[in-house]
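Have a look at the structure below, then the notes.
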Amino acid sequence: MHKEITLVLLIGLLAWTYQAIQPPPPKICGSPDGPPVTATRIKLRDGRHLAYKEHGLPKEMAKHKIIFVHGFSSCRHDEIIVTLLSPEVVEELGIHSVSFDRPGYGESDPDPKRTLKSLALDIGELADQLRLGSKFYIIGYSMGGQAVWSCLKYIPHRLAGATLLAPVINYWWPGFPANLSTEAYYQQLPQDQWALRVAHYFPFLVYWWNTQKLFPASGVAARRPEIFSRQDVQILSKIAHRQNHKGLVTQQGVFESLHQDMRIGFGKWEFDPLELETPFPNNEGSVHLWMGDEDRFVPVILQRYIAERLSWIEYHELAGAGHLFPYADGMSEAIIRALLVGQK
């Protein structure tokens, strides 16, 4: 009798555990139980929809076409380059920009088969359907940096130039010296160390880890005050308007947006960015990496190593700047001029 009771309890425990680690189904935009579709969208090769938003000059009048890739817990409304430029600069440089909801964010359909390569192909298809031309510029901020690395790997022939803004690092890239990546890893809050361990070694537990109440989950996702630098704190009041669309970001589910970002960004990559070669062997374009030396989201020591290892990247390190430096006065113009016209 005791064996039978133990077996039933064990089966019950396993069933409960299985249910606890399973994310709920996504609430697809436009479905009967999902949010309404309000954005302009394209239909991709596999039937998914990608929501986008255009900024700057009409593309027919623009000299430079840019695709902007948003970061973690953001969406297409968080384009932080052209929207922060004066109309005079936009017209002078002839800029048209497109921002889009990455799969699972905002109003873009989730991609259950999402990989680093699939995201690059989504971006290429977005450029084709919007007729941005055979080549375009790409800018990725924070977690959006993974898309830039992917484009440099999989569609370098489509790029006129690229910019990485405080790009999130995967501490398990093989090209990093073990002692350096370990040092950088332990600069994070302990709870973020655990969140990344789970994402890397146990990706099937990411949803459970970040929704359970027994242990503290990601400090970045929770926006813990310790992760903001002095400059970040000053900038936060400037970007309070982001709260207006905060609910839009994860409306299809936190797993399809935030947790998938963690699984892919900190999982096992299909390639090592530190082994990439320049996409512009004849100097017909440029790749830039901008970083604040007081960034508490992403360790600057790893960005310095990347810049040293990949000498074809133009590295810009900003003294006293944190993770939110692109929002600082004058930064968007400095970033865009460096990319488009080579101004330091």
Between [Y] and [X], is there a salt bridge with N-O shorter than 4.0 Å?
| X | Y | answer |
| --- | --- | --- |
| K117 | E270 | no |
| D33 | K27 | no |
| K113 | D111 | no |
| R158 | D128 | yes |
| K59 | E54 | yes |
| R337 | E333 | yes |
| E107 | K53 | no |
| K238 | D329 | yes |
| D122 | R114 | no |

For [Y], does its backbone N or O pair with a side-chain atom of [X] as donor and acceptor, under 3.5 Å?
| X | Y | value |
| --- | --- | --- |
| S229 | D232 | yes |
| E183 | S181 | no |
| Q252 | S108 | yes |
| E125 | R45 | yes |
| Q231 | A321 | no |
| N210 | V206 | yes |
| S97 | V82 | no |

Practice prompt. Over 60° means perpendicular and under 30° means parallel, so classify the ring planes of F215 and W209, tilted if in between.
Written response: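 Geometry flag for F215 against W209: parallel rings.
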Item to complete: Return yes if a side-chain donor-acceptor contact under 3.5 Å exists between H70 and D78, otherwise no.
Response: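 Distance-only check fails for H70 and D78.
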Is the distance between the ring centroids of [X] and [Y] under 6.0 Å?
| X | Y | value |
| --- | --- | --- |
| H316 | H288 | yes |
| Y141 | F68 | no |
| Y305 | W173 | no |
| F228 | F297 | yes |

